[in-house]
Amino acid sequence: MAKNHKAEPIGGPPSDVEHLKKESNYLRGSLTDSLSNRITGGLPELDNRLLKFHGSYMQDDRDYRNEREKQKLEPYFQFMLRVVTPGGLSTPAQWLVMDELAEKYGTGSIRLTTRQAFQLHGVLKWNLKKTIQEINTALLTTLAACGDVSRNVMCNPNPYQSEIHSEVYYWSQQLTTHLAPKTPAYHEIWLDGEKVVDSLEQNGGTVEVEPIYGPVYLPRKFKIGIAVPPSNDVDVYSQDLGFIAIVEDGKLAGFNVTVGGGMGMTHGDTATYPQLAKLIGFVTPDRILDVAEKTVTIQRDYGNRSIRKNARFKYTIDRHGLDWFVDELHDRLGWELAPAREFTFEHTGDRYGWIKGKDGRWNLTLYVESGRIADTEGYPLKTALREIAKMHTGDFRLTANQNLMIANVTSQKKSKIVALLKGYGIAEGTQYSALRRSALSCVALPTCGLAMAEAERYLPTLIEKLEPILEEAGLRDEEINIRMTGCPNGCARPALGEIAFIGKSPGKYNMYMGAGFSGDRLSKLYRENIGEDEIIDTLKPIIDRYAAERDSGEHFGDFVVRTGYVQVVTDGTNFHA
Amino acid sequence: MQLQVTNSPFTSEQAELINKLLPTLTETQKNWLSGYLAFYRAGEEAAAVAVPEAGAVSVVELEALAAQASAASQGPRDATILFGSQTGNSQRLAGRLADKLKGQGFEVTLSAMNQYKTNNLKKAGYLFVLVSTHGEGDPPDNALTFYEFLHSKRAPKLDGTKFSVLALGDTSYEFFCKTGQDFDARLTELGAERIADRVDCDVDFEDAAAGWIAAVTGVLLAAAAPASAPQAAVIAADSLAAVQGESVYTRANPFMAEVLENLNLNGRGSDRETRHLELSLEGSGLSYEPGDAVGVYPQNDPALVDDIIAFLQWNPEDAVVTGKAGETSSLREALLHHYEITVLTKPLLEKAVAFSGSAKLAELVKPENKDSLRAYVSGRDVLDLLRDFEPWTLGSGDLANVLRKLPPRLYSIASSLNSHPDEVHLTIRKVEYEAHGRERKGVCSVYASERLEPGDKLPIFIQQNPNFKPPVNPDTPVIMVGPGTGVAPFRAFLEDREELGAAGKAWLLYGDRHFVTDFLYQTDWQRMLNDGVLTKLDVAFSRDTEEKVYVQQRMLENGRELYKWLEEGAHVYVCGDEKHMAHDVQAALLDIIGQHGGKSPEGAAAYLTELQEQGRYQRDVY
């Protein structure tokens, strides 16, 4: 195959993190020593960087930071543990383990992430190992939940087309496993007693420890998601590598492939921007592992290892061009992708309530505010789900919108689950305003070290203030995707929110509008650095006008673009324009 | 006991006068009187001197009399003064006695009991013992070996020895002054002759101790040869200030220190509260060394004071006597600042009987009911007493005769004067608990945590503690065991070593309940570790794991290294809880010495005793 587009990797002096990875001896570093140091509940910066590859971040409760400093106490260091659940799927037994670990070692609650993973917060250093061991005993892992590797592979939980869910889910699992780091360090550090023989020794030193990644792994995190139209719940265009399931005659024909999406940016740095992935072709299911692996190796070889802010795959593609990438991919594959096939996305949100699948089993999608599974006053959600898990014979699926699906339920069990939910007073979500049901937020304060403002703790309050305005305008049941993050790294995919807020400083946000309802267009900055009063004053007239002047079926994001509140963003490269 | 013609050498007129006088005397007055009589006799023998009014005579004047008397006396001129001291009080008093006798030209041997060569004991003509009692009647650390020696079969006959004992203690403990009483009895048993009655001092010991010193000095001078030293030296030597350094501020005249900082060292969510107080010493002339303590005069809980006054239906503005010179203040002020109201003691109950119409109380104080009495006073306060034994005939004017003076609380200093000039830092854990259906509050700790603000003034004095001092040689390694607030003096030690650039290794062992909230001074230690001031830090948090872990476990885990440090000459310091921690730590030390030094239990004990005698094993436990 002729190479039309040649490219040289960008080069430049490797960043500190690159040195660290190189010297870490395949993610070992001095983690074992640092973990056993009793004088601090934290880790040195270098080991914390490595710890991410093992599925955990060091954080500190920022609510306590100032007072503890005065008290001559170090910050309240604690660890977030992220559990890899490809496609968000777990068994009732696994649910019960997470439920128990949250009580035993965490803050008591479980966070469902926007990437369909479980998160525990508040785990102390001394409990990390025990927690990780118990997670692994439940046949789950934290390996590669964070770090410069391919992350938890997302997948539509698919209540409508239940017959292809298991197939799509299978591929999300295969992708996760295929791209997982192969270093024995994880087993050595966390699962002692179950040491895996070093592959180098086993193979007489001839086989790479990390055949896909090599010793320095990727330049930056790498995200993969699989969408099943008409739902774009996984926000496939926000993924580094996306697959769009093509179903023909009720059968999974294969996947359209998208590349180069990503949300993160840095305030004030226009060289960083959110970008949507581009469609490059179609593959049959049996070839997607090959496509994923080769895509990852291209990013491995061409990604920016000098400046981390520009290291995501989207910048690699924008730097060298999509044509270069497709050529390079074809070159590495030794074959070419087929032309992309037809599909239509209609929305990104979840459908709440009970839905019967084509296999006759029931699926319940339950609204979970901010993805937080906790018992709160008058709303014992965590207890209710524990009781359901004890009798449930199907599975649990975390959705890309931080909600929970109790899936694969027989009619007989359905009535029991309905009774349990009723007994605990747990609502499916349909009674909430459509705005609230369509809301996404990241964790932010107090635990996230990156947060500049509140998100999870504040968005419900803001929505409460917006609801009367929507009610008055007759828009109570109009779905508008509203998203909030504490920083521009974009965990709640704000650049794809029809209304979005990105934290700037405590109580202050940049406000964005105009993203496509089905996740196919980026939003645009509308107001900078505004607080709650200004947010409400700004939004009220727009909402009122939207109610009065919208076209039939016109979504809010489309309306604000059509009426000129914001310019259309045709590509991430003109996001800041 | 009533004096009669038949059981005393007095005439009936004399006996009547004495019988009339004696029951009216306070403890202090009795002590004074006994000392005074000694001087009086000495004075009579020496020369005819004017006899001042008994009520007006001061210790200083008595000593002046004694000095005059000594000019004409004859007899041996050497004295051995042995002290056993935990917080330094006995040692300080022993020093005062020594100065006094030296000023009179005596040959004085002054020694901590464990430093004293016991084979000299037989040769000691005059032997003075000053010793405190701790916990369950235990001798202080530096008295232990001597105590055991004297009570063993190896103790020599002391037929020619003349002695007297000053015992320090606290009447709120069951075994009040037991160690001093034991010495007194044992010395008699060994054939020694008591030349002045033992005096048992309560926490407010100054007056009683001064009386004893005056008494024994008097006896000695009366029996001794003419002095060569000038009289003036005796009087000058008595200045309390002279004992405590240059400052005019003393236990008797505390400095009003401004509170610069008062913060809680326990993080949010802790079930404990530990205050870090920073006090200003500016203008006080006070100075201190690592290992010293600060005495704090606290304020009683105003709520408790008001409850007591309300219960008795007294007028809070009544004037009551608060000082020995007859100073007065309002009743409320007196109860807030001058009298102890949170602790009951046997003497207090015995005095209170006279004012209670309760037959139950009269019954309780009978000697045969001493166990019931002990059980009753435990965990109860004055308000309980008042409520339990009505009716009362107590008037506010009787307070001075019933209540104990509010004693100062001692806290090991947590700062180095070198790194915080003109400041002193204290670490005070709040004590609160429930007993007998009421919430009980530690007087000083609750005062510090609830009612003391920056800018307030706190009456304090410096209490030197010569028995808890870092090694003189900065190259000597130190091992410091200080869980909980026991870590306070080690902050002082380490800050001082940092300022002095001490090169010796330093190893700190710390423990508490929870790592996250109870790691006192955590960032200080982390910085010191980084800077190399601290070589090694081991911690044990008992409530973070299913199995409780304490500092002694960490010692045992590091036993080999710890023994190596000992062999390199390390000093070991232990500070904190006596009842459990200090005992367990000592057991761990013995274990380690036995195991890693290849010694038998007896060998290990001898090794540790030797460390103690060399001043290489020091404790500040409470």
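What you see below is based on every heavy atom in this structure, not just the backbone, and it leaves out hydrogens, waters and symmetry mates. Sequence lines set the chain letters: A, B, ... in the order given, protein chains first and strands last, and positions in each chain run from 1.
- Of the two parts of Glu67(A), only the side chain, counted from C-beta on, holds a non-hydrogen atom closer than 4.5 Å to a non-hydrogen atom of chain B.
- For Phe118(A) and Trp95(A), the ring centers sit closer than 6.0 Å to each other.
- For chain B, the nearby part of Arg68(A) is the side chain; its heavy atoms alone come within less than 4.5 Å.
- For the set Phe519(B), Tyr521(B), Phe515(B), the count of heavy-atom pairs under 4.5 angstrom toward chain A peaks at Phe515(B).
- Evaluated for a side-chain hydrogen bond (donor to acceptor under 3.5 Å, both in side chains) with Arg272(B), the options Thr517(B), Asp512(B), Asp518(B) yield exactly one hit, Asp512(B).
- At least one side-chain heavy atom of Leu51(A) sits less than 4.5 Å from a side-chain heavy atom of Leu31(A).
- By the 6.0 Å and 45° rule, Lys52(A) stacks over the aromatic ring of Tyr57(A).
- If you measure heavy-atom distances from Tyr64(A) to chain B, the contacts under 4.5 Å come from both the backbone and the side chain.
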Working for ring-ring contact (aromatic ring centres under 6.0 Å, His included), residues Tyr105(A) and Trp126(A): CA-CA 10 Å; Tyr105(A) 301 122; Trp126(A) 354 100; over 10 Å; no

Between Phe468(B) and Phe493(B), does a ring-ring contact (aromatic ring centres under 6.0 Å, His included) hold up when you go through it step by step? CA-CA 10 Å; Phe468(B) 204 71; Phe493(B) 277 39; 5.6 Å; yes

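- Both the backbone and the side chain of Leu537(B) come within contact range of chain A, with heavy atoms under 4.5 Å apart.
- For the options Leu263(B), Asn266(B), Thr523(B), heavy-atom pairs under 4.5 Å to chain A are most numerous at Thr523(B).
- For Arg554(B), the part sitting under 4.5 Å from any heavy atom of chain A is the side chain, from C-beta outward, and nothing else.
- Comparing Thr545(B), Val539(B), Asp544(B) by how many heavy-atom pairs each has under 4.5 Å with chain A, the most go to Val539(B).
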